[in-house]
Participant: 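Here you go, one structure.
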Amino acid sequence: MAGTEKSLRGQVFDKIRSDILNGKYKRGEELVESSIGKELGISRTPVREAIRQLELEGLVQLVPNKGAFVTGISEKDVRDIYLIRARLEGLAARMAAKNITPELLDAMEETVVLSEYHAKKEHYEQVCEMDSKFHKLLYKASGSRILEHTLTDFHQYVQRVRMASIMKKMQF
């Protein structure tokens, strides 16, 4: 893995995880290594490695002699993630207040203004994009790579739930 480039296994892992979280692969669906490999134009080996990593994250269950099946995230998982994330984001905000640069602060302010604009126009996808951007900037401003990585993972897990929640709130 050179520089900031991700390994092929890492790229495949990100793609399959994203597909699970975005609903392409449903709970209980089998992940067929050969099919995924063919779809991505790669061998089965990086797919197999990515599936094993997804099992460690709890998104996939490997059943001996049967295959890999999507477990996804449950409502309880989402509640737990929100609870943990709330605590960690509070910590990130406190750390950011001490470490933020003028450039990051300007970027966060611009993101809030754009978010408000898109909310008034009912551009739901853009609102979610701005919300994601704001959180990424907050995590970066904390100055902690570990906190940034952890919160980014949590953010990805609840991205779909957040989109539905924002759309519901904006319909009132």
Side-chain angles (χ1 to χ4, degrees), residues 1 3-7 9-27 29 31 49-61 70-101 103-119 121-171:
M1 189 157 84
T4 58
E5 293 180 19
K6 280 198 167 198
S7 67
R9 181 200 48 79
Q11 292 173 25
V12 173
F13 167 80
D14 287 345
K15 171 73 171 124
I16 298 171
R17 179 167 72 171
S18 176
D19 287 346
I20 290 170
L21 296 175
N22 290 327
K24 178 179 177 182
Y25 299 119
K26 307 291 184 215
R27 180 181 288 265
E29 186 174 343
L31 296 177
E49 292 170 351
I51 287 173
R52 285 189 183 126
Q53 188 175 354
L54 288 162
E55 181 185 34
L56 294 174
E57 284 205 5
L59 292 175
V60 171
Q61 179 182 13
V70 175
T71 56
I73 56 174
S74 68
E75 287 182 31
K76 182 184 181 320
D77 293 337
V78 172
R79 285 191 306 271
D80 291 347
I81 289 168
Y82 271 117
L83 178 66
I84 294 165
R85 208 177 112 199
R87 302 272 193 230
L88 292 178
E89 283 188 347
L91 175 62
R94 286 190 298 280
M95 292 171 75
K98 295 177 184 175
N99 301 317
I100 196 161
T101 63
E103 295 80 18
L104 278 174
L105 185 58
D106 288 345
M108 290 176 79
E109 288 174 350
E110 178 183 341
T111 303
V112 170
V113 169
L114 286 171
S115 184
E116 290 170 349
Y117 167 80
H118 288 299
K121 298 285 188 182
E122 298 183 359
H123 300 155
Y124 304 122
E125 277 189 48
Q126 288 84 359
V127 171
C128 283
E129 286 175 26
M130 292 299 105
D131 184 61
S132 291
K133 182 177 179 181
F134 179 86
H135 283 87
K136 286 178 186 175
L137 291 166
L138 173 66
Y139 306 159
K140 183 176 182 73
S142 75
S144 170
R145 284 182 318 151
I146 294 170
L147 189 57
E148 182 178 358
H149 174 74
T150 301
L151 284 167
T152 298
D153 278 351
F154 281 156
H155 181 81
Q156 290 173 355
Y157 280 125
V158 295
Q159 203 167 21
R160 285 184 61 223
V161 174
R162 290 176 59 239
M163 175 67 170
S165 175
I166 289 171
M167 287 180 69
K168 185 177 179 179
K169 286 179 185 174
M170 296 182 86
Q171 289 173 350

Participant: Any side-chain to backbone donor/acceptor pair from R27 onto T71? Under 3.5 Å, distance only.
Facilitator: yes

Participant: Is L59 close to V70 at the side-chain level, that is, under 4.5 Å between some pair of heavy atoms?
Facilitator: no

Participant: So, applying side chain to side chain contact (heavy atoms under 4.5 Å, CB included) with V127, which one of E116, E122, H118 is it?
Facilitator: H118

Participant: Taking the side chain as every heavy atom from C-beta outward, state whether T152 and H135 have any pair of such atoms under 4.5 Å apart.
Facilitator: no

Participant: How would you list, by chain and number, every residue that makes a salt bridge (charged side-chain N to carboxylate O under 4.0 Å, His left out) with K76, sequence neighbours excluded?
Facilitator: D80

Participant: What's the shortest heavy-atom distance between L151 and A92, and which atoms?
Facilitator: CD1-CB, 3.9 Å

Participant: Which heavy atom in V12 sits nearest to a heavy atom in A50, and how many Å separate them?
Facilitator: CG1-CB, 3.7 Å

Participant: Could you tell me if E89 and Y139 have a donor-acceptor pair between their side chains, going purely by distance under 3.5 Å?
Facilitator: yes

Participant: Taking all heavy atoms of A141 and all of N99, pick out the closest pair and write down the distance.
Facilitator: O-CB, 3.4 Å

Participant: Taking all non-hydrogen atoms of both residues into account, name the closest pair between M95 and S144 and its distance.
Facilitator: CE-CB, 3.7 Å

Participant: For E109 and D106, indicate whether the former's side chain and the latter's backbone hold a donor-acceptor pair under 3.5 Å.
Facilitator: no

Participant: Ignoring hydrogens and angles, tell me if any N or O in the side chain of S115 forms a donor-acceptor pair with the backbone of M130 under 3.5 Å.
Facilitator: no

Participant: Can you tell if the side chain of Y117 reaches within under 4.5 Å of the side chain of V113, non-hydrogen atoms only?
Facilitator: no

Participant: Any side-chain heavy atom of V112 sitting closer than 4.5 Å to one from M108?
Facilitator: no

Participant: Give a yes or no answer on whether the side chain of T111 reaches the backbone of A107 with a donor-acceptor pair at less than 3.5 Å.
Facilitator: yes

Participant: Applying salt bridge (charged side-chain N to carboxylate O under 4.0 Å, His left out), run through D19 and K26 and close with a yes or a no.
Facilitator: CA-CA 9 Å; D19 287 346; K26 307 291 184 215; over 6 Å; no

